There are 2 protein chains.
Amino acid sequence: MSSTNTISHEIADTLRDEILRQRYRSGDRFPSERDLAVRFDASRGAVREALSQLEQLGLIHTQPGGARVQSVNAASLAVLGPLMALDGYPDPLLVDQFLQTFGVLTAMTAKNAVNAASPEQLIQLKKLVLELADHSDDFEAMQPRWRELLEAMSTIADNLVVRLISNDLKAQFVDQMMKLGIHPKIERSSIDQLLTGLRVGMNKQDGEIAGQAMQNHFQELRAAVGEAIKFRDKEPSIRAVN
Amino acid sequence: MSSTNTISHEIADTLRDEILRQRYRSGDRFPSERDLAVRFDASRGAVREALSQLEQLGLIHTQPGGARVQSVNAASLAVLGPLMALDGYPDPLLVDQFLQTFGVLTAMTAKNAVNAASPEQLIQLKKLVLELADHSDDFEAMQPRWRELLEAMSTIADNLVVRLISNDLKAQFVDQMMKLGIHPKIERSSIDQLLTGLRVGMNKQDGEIAGQAMQNHFQELRAAVGEAIKFRDKEPSIRAVN
DNA sequence: GGACCAAATTGGTCAGACCAAATATAAAGC
DNA sequence: GCTTTATATTTGGTCTGACCAATTTGGTCC
């Protein structure tokens with residue numbers, strides 16, 4: 001489920017999940033606002049606000065005369081989080097797709113950041129990599145530094161498109177994975193390879209090298225996370241269907 | 001400037017643009033719903049629906065006690081389109097960032113599609129490339145085939161994350177560029193190179209080759225679009241500030 | 001079977017009201 | 001004077017009931 005505790009959000013969450021679960025076929029008529037108000041024992045205003053959210057997600061399209069359900073494939077990026085959380089634990093395939101995508105974008109960011117960095121920024125980046133190296137034996141301790149490095153590179157690369165995409169992806173995936181306590185086992189050698197690649201790239205100010213190192217790292221991360229999910233206790237998710 | 005013609009959408013569009021124009025600083029209090037209702041001469045319900053949309057965009061955060069403006073950098077991907085359309089014509093830097101991002105994702109899709117394609121799908125892809133080659137002298141005529149090819153590759157690659165991102169990006173950028181009538185002048189040799197690369201990659205079923213060809217093509221496209229925008233008549237945009 | 005028209009349905013909006021949480025203001029204490 | 005506490009006000013969240021316009025729906029007539 002999502003965040004807030006208002007009625008309209010609860011209605012929106014419930015309906016969103018129902019659509020994501022394919023309870024309605026794409027193109028189907030969506031129940032009328034008045035019917036939904038009765039069903040949720042709420043006012044039509046609250047229902048309307050919920051539908052407004054669903055429309056923003058691209059899950060329904062409303063028109064005078066009635067609303068219709070749209071294809072999940074045509075939805076907004078913001079449905080990824082709810083989609084992944086549908087069954088309580090993430091769909092391994094979806095996680096893999098996320099990591100591949102996030103990896104490509106992060107590699108691009110690293111490349112651009114290294115290429116565009118000013119001398120001072122380059123020093124800052126190197127420092128962050130060094131700090132990362134100091135904690136390369138503790139996965140947990142690495143996380144804050146890792147985030148810091150990504151943030152710094154993102155700032156330097158200064159690509160708003162990627163930043164906005166990453167906002168959505170991170171908000172929906174990374175936090176979710178953390179919450180679920182998925183700890184990928186990454187080979188020490190893989191991390192060393194990444195750090196070395198980043199360092200070399202920064203020293204030569206060659207973004208290609210840094211980007212390639214990042215890309216390779218995500219490749220390994222994909223495998224590691226896949227393993228971690230596979231062996232995870234799949235607690236049966238308790239979810240009211242209403 | 002957006003789509004629908006309802007009052008709540010108009011309010012949302014106006015307020016969204018004001019936020020994107022930095023009329024409010026991040027962290028500022030947002031006007032109260034009642035004040036906005038007076039200002040727009042609308043009911044509070046309509047204003048609330050508008051604010052609900054802004055919240056979905058990640059531009060404001062509402063709480064009992066008052067709403068606050070959030071940083072554009074923390075917003076949802078869906079603000080890109082409005083952001084680009086703010087001054088009537090697209091910000092060249094933003095367009096370039098879009099093309100770079102879209103290029104990386106499309107290259108990834110091409111690579112995965114070619115690698116994952118079944119024999120029949122491979123034949124279909126080759127056919128689409130051939131059709132594209134048949135019209136390689138007419139930019140306009142290429143567009144539908146180009147879209148068809150991208151759609152086919154997207155279906156085969158079957159990466160929902162990329163698909164959702166592309167939905168948003170395409171909806172916000174491509175259509176906008178088309179509407180503005182921006183016609184990048186792409187060298188014939190560049191197109192031939194792309195088509196050749198795709199063909200070779202498909203024949204060998206080597207996604208790396210196809211992906212690389214796609215990547216190179218977008219590189220050239222970036223330059224061409226940059227030129228096209230630079231020399232475009234910049235009609236002064238007429239926008240009421242309310 | 002297809003074109004046309006009336007009735008029911010549905011989304012969009014409005015007005016006025018109440019509650020609970022958050023904020024601002026005034027009062028009390030030091 | 002300054003902090004703390006209590007009070008009043010503002011603000012978002014919700015409800016009820018109503019009206020309009022656009023769309024669907026269903027029946028009628030050719």
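What's counted below: heavy atoms across the whole structure, side chains too, no hydrogens, waters or symmetry copies. Predicted model, so just to flag it, every value in this text is computed and none were measured.
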Check the pair B:D13 / B:Q53 against side-chain hydrogen bond (donor to acceptor under 3.5 Å, both in side chains), numbers first and verdict last. CA-CA 9 Å; B:D13 288 351; B:Q53 295 175 41; over 6 Å; no
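Under a 4.0 Å N-O distance rule, the pair B:E18/B:R39 qualifies as a salt bridge. Between B:K127 and B:E148, no side-chain nitrogen of the basic residue sits less than 4.0 Å from a carboxylate oxygen of the acidic one, so the salt-bridge criterion is not met. Under the 4.0 Å criterion applied to side-chain N and carboxylate O atoms, A:E151 and A:R145 are not assigned as salt-bridge partners.
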Output a table of nitrogen or oxygen pairs between the protein and nucleotides 16-25 of chain D separated by less than 3.5 Å.
residue : atom : partner : partner atom : Å
D:dT23  : O4'  : A:P64   : O            : 3.4

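Aromatic ring pairs are classed by plane angle as parallel below 30°, tilted from 30° to 60° and perpendicular above 60°; the pair A:F218 and A:F102 is perpendicular.
Bounding nucleotides for the chain A contact on DNA chain C, 5' to 3', at a heavy-atom distance below 4.0 Å, are C:dT10 to C:dT13.
B:L57 approaches B:A75 most closely through the heavy-atom pair O-CB, 3.4 Å. Contact detail for B:I186 and B:A224: the closest heavy-atom pair is CG1-CB, 4.2 Å.
Residues from residues 48-59 of chain B with heavy atoms under 4.0 angstrom of DNA chain D, sorted by number: B:R48.
The side-chain heavy atoms of B:T14 and B:I11, taken from C-beta on, include no pair separated by under 4.5 Å. Considering only heavy atoms from C-beta on, A:L160 comes within 4.5 Å of B:Q97 through its side chain.
Phosphate proximity of D:dG13 to B:T62: present, with a side-chain N or O under 4.0 Å from OP1 or OP2.
B:E55 and B:T62 share a side-chain donor-acceptor pair at under 3.5 Å.
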